[in-house]
**Student:** 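I'd like to ask some things about the structure below.
These values consider heavy atoms only, across backbone and side chains, with no hydrogens, waters or symmetry-generated copies. Lettering of chains follows the sequences in order, A, B, ..., and the numbering in each one begins at 1.
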Amino acid sequence: MNEDTNQVPNTGANQEDNKNTETKKDFATPNIPAQLLKPYDPTEVEPRVQKQERESGFYNPDVCIKEGITKADAPVYSIILPPPNVTGTLHMGHALGFTTQDIIIRYKRMKGFRTLWIPGTDHAAIATQSMVEKNIQKTEGKSRHDLGREELLKRVGVFAQQSRDTIVSQLQTLGASIDWSREAFTLDEERNFAVRTVFKKMYDDGLIYKKNRVINWDPKGQTTISDDELVYEDRKAKFYTFKYNKDFPIAISTTRPETKLGDVAVAVNPEDARYKEFIGKEFSLDFCGAPITIKIVGDHEALMDFGTGAVGITPAHSMTDYQIAQRHNLPMIQVIDEKARMMVGGPEIIGKKVVEAREIVVEWLKANDLLISEEEIDQRISTAERTGGIIEPLPKLQWFVAVNKPFKLAHSGIKGIEAGAEVTLKEIMQKAVSGGQIEMLPDHFLKTYFNWIDNLNDWCISRQIWYGHRIPVWYKGAEVYCGIEAPTDTDSVGADDEAGESTDKWIQDEDTLDTWFSSGLWSFSTMGWPTKASDPQSDFAIYHPTDLLVTGHDIIFFWVARMILMTGYALGTIPFHKVLLTGMVRDMKGRKFSKTLGNGIDPIEIAHKFGMDAGRMSLIFGTAPGTDSKIDENKIKGYKHFANKIWNVTRFILTATEGLYETAHSGVGEDGTKINFTDADLALIEKRNEVFKSISTNIDNLKIHIAAEDLYNYTWKEFADIILEDSKEIFADVDNLEGGAIAKKKSRAKFLLETLGLIIKTLHPFMPHVTQEIWSLLPAELKTRELLMTEKWPTF
RNA sequence: GGGCGAUUAGCUCAGUUGGUAGAGCAACUCAUUUACACUGAGAAGGUCAGGGGUUCGAGUCCCUUAUCGCCCACCA
């Protein structure tokens, strides 16, 4: 530990500063620390304080216990950091969440809790791989297949590492008092073991299954994605109405004529008088060079008053049609491949991209006089969240998690679920929250959460990308093996090897898991589960479930729900007691921060310009949980002024109480008599204590934006503007005029010093750097420890 | 189509269980080397989106309308 940082180095530079400020002779007294004579300079102070805090080891609760800062049997408080994606750098949106967590963590630590905050990063599978692929394509003109699985993974690994380093330094710049000794990564060996363990358990319980069905295919990313990874875009589209051929009795409509080469049926409403007579009939015909057989089926899904009232059914390329086809036992004919090219049809159409094929089919319809009408409509198309590719529904053999399948939950700490009872994953997600064990703030997001669960379908978890947790399943001919460890006699073929080679060795499934599968385990995979789960001294035994999750409301489905699912399933418990949802941070025009707009603000930039303390305050101040906020530099500037204000308040108090503070703080005057507070000061104390009591209460209730405001107002408007101004008169009073003058001064000096200490302590979670710096300059009598973060929180 | 949120000072937003409308920024008047110009004092600025209801009392609770924003959904 570097104790020197609290001392004022007696360098030439400082002496020079003293000379420069000599005009202010009133303050150039030997007892006033030299750096106080200058305005507060966050760029010099903040990195130094961060280093000092970090090197003290007190971010780690084990060290706090060892050094006697925290009692071993103290109540526990734990938070896991929502791991940022290793796709780039943090912006002010992250900073809001992380600052919120740091405030709570510092508060709890000072209150004596055994406090743990675990950091980490997320490998973000598709997002990261596609970013690296794009870079390689741009700089080297190579695809991932040119590089091969091993080489690509190496490149992605390097990128992820750089990204992680940036994120770590950003978190440190933020002043996050997080325990770096416990840093985790969603794709490291320990987390991989947890993933394999849970996968195997789910597989054995029949909750993970492999099935051929229509999934969301991203032709750009060359992978499947889950329903939640779809992003909808509004576009104009042509809506064509036509007949398959001249003899076909019913006209249908579509925006995608090229898919009609894969049609197997036309669905009409069984009540529809126009078409009733045709139900059950079959027509074989040639459509654009592809022989197709269309069966007319009756299905209530077909709405009589929409379009022609008849729906062409393309089971292989539409989710809805797939479901209708299932009901009527219809075949599924794939006509579009993974590159979104036509697989069937005449020579003019086969091999063409869907968009070109669409034009060709329309031309063909026109040429054969089959097109009845063509109108422009608004349409929502699905695109892939990470690559922007237009989703092509395709039939594929994929892995799924069954959310509606009952299984026996061996252990249960979830209210409303008995141990050993039959439940579904959906029920776990519902009961963990509806039973009140998990609280959400603001609570109106509960409706969003439940609504999502009600409409939830089985979760497609396999991805055809290489960066991620490989599915722990091996094949040997027709045999399938799922295990935590690879079977012996495994052939370690890479993905590039041509499949289909018959071998007598086990070959692992090529696919990787959805990144949210591993994120879902984060609350316990970061704590030594499963290896050390049974050890009562393990983090898992001590700190799980965690107390609080602070995250953006945009990932309630992706992450919050998946954590509840995974924790409920694997442990029969909840991952956290409370969820605090933060809003989005936007620019002054209300736009989201984005790379393409170039409006993103890097927290490091803020630290350079205004100081991170100011940045932290500006994020918290006036921002209610769950509501979006706007931020601009003007606002941040205001809190830079605030930091400087406290700095000057400190200078004033130390100067004004010069010679008084020793006696004032000891509570005994020079003559040995006790210093009593004057009635006026007693009244100030009462009022002050009330303010600080309510600040604590507000932090306890996670209303940190209100606590920050109260603290700001008291410090500036009450303490500085009124009390300090009033004190000037008291201190200016000439001693010998009346006997009470000296007693009044001592009383006030004691009050000012105590209150300053109180402000600095209470403000510390919000503005850790400036408060630590001031703390180091306060007279020793005021403090019990050098590091403010380990001081006791003031209680009344 | 369903759900959620927002609407408060010129701008950006707070407003705990219902009890006299708040802050920052901007603008206005004054003070001028003061702990601090990264300043202080003062004044100004609001039918709390509109309408209805409950209540002794509503920015806050209920109903309704409007506008904006977000999320979800298989109208081909």
**Student:** Would the distance check show the side chain of A:His91 and the main-chain N or O of A:Gly93 forming a donor-acceptor pair, the cut-off being under 3.5 Å?
**Tutor:** yes
**Student:** If I take atom CD1 in residue A:Ile722 and atom C1' in nucleotide B:G42, what distance separates them, rounded to the nearest angstrom?
**Tutor:**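 So the CD1-C1' distance, A:Ile722 to B:G42, works out to 14 Å.
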**Student:** Less than 4.0 Å between a side-chain N and a carboxylate O, is that true for A:Glu359 and A:Lys238?
**Tutor:**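 Looking at A:Lys238 and A:Glu359, the cut-off is not met.
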**Student:** Between the side chain of A:Arg386 and the main-chain N/O of A:Glu229, is any donor-acceptor distance below 3.5 Å?
**Tutor:**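 Checking the backbone N and O of A:Glu229 against the side chain of A:Arg386, no donor-acceptor pair under 3.5 Å is found.
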**Student:** Ignoring hydrogens and angles, write down the donor-acceptor pairs under 3.5 Å from the side chains of residues 444-453 of chain A, residues two or more places apart or on other chains.
**Tutor:**
unit_1	atom_1	unit_2	atom_2	d
A:Tyr449	OH	A:Met429	O	2.8
A:Trp452	NE1	A:Asp228	OD1	2.9

**Student:** Judged by each residue's nearest nucleotide on RNA chain B, which is more toward the 5′ side, A:Leu724 or A:Phe445?
**Tutor:** A:Phe445
**Student:** Within 45 degrees of the axis of the six-membered ring of A:Tyr714 and under 6.0 Å from its centre: does A:Lys687 put its NZ or CZ there?
**Tutor:** no
**Student:** Could you tell me whether A:Lys236 and A:Asp378 have a side-chain N and a carboxylate O separated by less than 4.0 Å?
**Tutor:**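 Salt bridge present between A:Lys236 and A:Asp378.
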**Student:** At less than 4.0 Å, is any side-chain N or O atom of A:Trp716 found next to OP1 or OP2 of B:U39? Yes or no.
**Tutor:** no
**Student:** Taking B:U33 as the reference, what is the distance to B:A23 when you measure between their C1' atoms (whole Å, please)?
**Tutor:**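 Going atom to atom, C1' in each nucleotide, I get 29 Å.
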**Student:** Where does the angle between the aromatic ring planes of A:Phe242 and A:Tyr244 fall among parallel (under 30°), tilted (30 to 60°) and perpendicular (over 60°)?
**Tutor:** perpendicular
**Student:** Looking at A:Lys728, does any N or O in its side chain come under 4.0 Å of the phosphate oxygens OP1/OP2 on B:A35?
**Tutor:**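 For B:A35, OP1/OP2 do have a side-chain N/O of A:Lys728 under 4.0 Å.
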**Student:** In whole angstrom, give the distance that lies between atom CD1 of A:Ile556 and atom P of B:G5.
**Tutor:**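 From A:Ile556 CD1 to B:G5 P: 12 Å.
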**Student:** Can you measure A:Lys717 atom NZ to B:C36 atom C1' for me and round it to whole angstrom units?
**Tutor:**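 Going from A:Lys717 (NZ) to B:C36 (C1'), I get 13 Å.
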**Student:** Backbone N or O of A:Met612 within a donor-acceptor pair of the A:Arg616 side chain at under 3.5 Å?
**Tutor:**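 No; zero donor-acceptor contacts below 3.5 Å.
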**Student:** Expressed as a whole number of Å, how far does the P atom of B:A26 sit from that of B:G40?
**Tutor:**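 Nearest-Å result for B:A26 against B:G40 at atom P: 13 Å.
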**Student:** What integer distance in Å separates A:Leu581:CG from B:C70:P?
**Tutor:**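 For the pair A:Leu581 CG and B:C70 P, the rounded distance is 18 Å.
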**Student:** With sequence neighbours left out, write down each residue that passes salt bridge (charged side-chain N to carboxylate O under 4.0 Å, His left out) with A:Glu233, or none if nothing qualifies.
**Tutor:** A:Arg235
**Student:** Would you measure the distance from the C1' atom in B:C61 across to the matching atom in B:C68 and give it in whole Å?
**Tutor:** 24 Å
**Student:** Mapping A:Val649 and A:Tyr639 onto RNA chain B by nearest heavy atom, which one lands closer to the 5' end?
**Tutor:**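 This one resolves to A:Tyr639.
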**Student:** Taking CZ from A:Phe731 and C1' from B:U34, how many angstroms apart are they, rounded to a whole number?
**Tutor:** 17 Å
**Student:** What is the separation between atom CG on A:Leu711 and atom P on B:A23, rounded to the nearest whole Å?
**Tutor:**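 In whole Å, B:A23 P lies 17 Å from A:Leu711 CG.
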**Student:** For the C1' atoms, the ones on B:G45 and on B:G5, what distance do you get once it is rounded to whole angstrom?
**Tutor:**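 Looking at atom C1' only, B:G45 and B:G5 are 29 Å apart.
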**Student:** B:C36 base to A:Lys645 side chain: any donor-acceptor pair below 3.5 Å?
**Tutor:** yes
**Student:** Can you establish whether the number of heavy atoms outside A:Lys243 located under 6.0 Å from its atom NZ is more than 12?
**Tutor:**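 More than 12 within 6.0 Å, yes.
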**Student:** What string of B, S and - do you get for nucleotides 71-76 of chain B, 5' to 3', if B is base contact, S is sugar-phosphate-only contact and - is no contact with any protein heavy atom under 4.0 Å?
**Tutor:** SBBBBB
**Student:** Just the rounded figure in Å: distance from P of B:C4 to CE of A:Met584.
**Tutor:** 20 Å
**Student:** Under 6.0 Å between the ring centres of A:Phe621 and A:Tyr639?
**Tutor:**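 Here the rings of A:Tyr639 and A:Phe621 have centres that are less than 6.0 Å from each other.
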**Student:** Grab the N/O contacts between the protein and nucleotides 25-28 of chain B below 3.5 Å, and write none if there aren't any.
**Tutor:**
none

**Student:** Look at the side chain of A:Trp647 and the backbone N and O of A:Lys38, then say whether any donor-acceptor pair between them is shorter than 3.5 Å.
**Tutor:**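 Confirmed, A:Trp647 side chain pairs with A:Lys38 backbone.
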**Student:** Can you list the stems that include RNA chain B, where a stem is three or more consecutive Watson-Crick or G-U pairs with distances under 3.5 Å?
**Tutor:** B:1-7 with B:66-72, B:10-13 with B:22-25, B:28-31 with B:39-42, B:49-53 with B:61-65
**Student:** Expressed as a whole number of Å, how far does the P atom of B:A14 sit from that of B:G3?
**Tutor:**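 My reading of the P atoms in B:A14 and B:G3 gives 25 Å.
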**Student:** Polar pairs (N or O, both sides) under 3.5 Å between protein and nucleotides 7-17 of chain B?
**Tutor:**
unit_1	atom_1	unit_2	atom_2	d
B:C13	O2'	A:Gly622	O	2.6
B:A14	OP1	A:Thr627	OG1	3.0
B:A14	O5'	A:Gly622	O	3.2
B:A14	O2'	A:Glu709	OE1	3.2
B:G15	OP1	A:His705	NE2	3.1
B:U16	O2	A:Asn698	OD1	3.2

**Student:** Suppose you measure atom C1' in B:G57 against the same atom in B:U20; what distance do you get, rounded to whole Å?
**Tutor:** 11 Å
**Student:** Backbone N or O of A:Trp716 within a donor-acceptor pair of the A:Lys645 side chain at under 3.5 Å?
**Tutor:**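 Such a contact is absent between A:Lys645 side chain and A:Trp716 backbone.
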**Student:** At under 4.0 Å between heavy atoms, what does A:Ala656 touch on the DNA or RNA strands: base, sugar-phosphate, or nothing?
**Tutor:** nothing
**Student:** How far apart are the C-alpha atoms of A:Glu729 and A:Arg748, what are their side-chain angles, what is the distance that settles it, and do they pass the salt bridge (charged side-chain N to carboxylate O under 4.0 Å, His left out) test?
**Tutor:** CA-CA 11 Å; A:Glu729 283 176 34; A:Arg748 182 52 64 98; over 6 Å; no
**Student:** Is the closest basic N to carboxylate O distance between A:Lys693 and A:Glu690 below 4.0 Å?
**Tutor:** no
**Student:** Between B:G2 and B:C13, how far apart are the P atoms? Round to whole Å, please.
**Tutor:** 29 Å
**Student:** Can you tell me, in whole Å, how much space there is between the C1' of B:U47 and that of B:A43?
**Tutor:**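 Each nucleotide's C1' atom is 23 Å from the other's.
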**Student:** Could you tell me whether the side chain of A:His769 and the main chain of A:Val45 form a donor-acceptor pair under 3.5 Å?
**Tutor:**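 Not confirmed, A:His769 side chain does not pair with A:Val45 backbone.
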**Student:** Grab the CG-C1' distance between A:Asp726 and B:A35 for me, whole Å please.
**Tutor:**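 Going from A:Asp726 (CG) to B:A35 (C1'), I get 15 Å.
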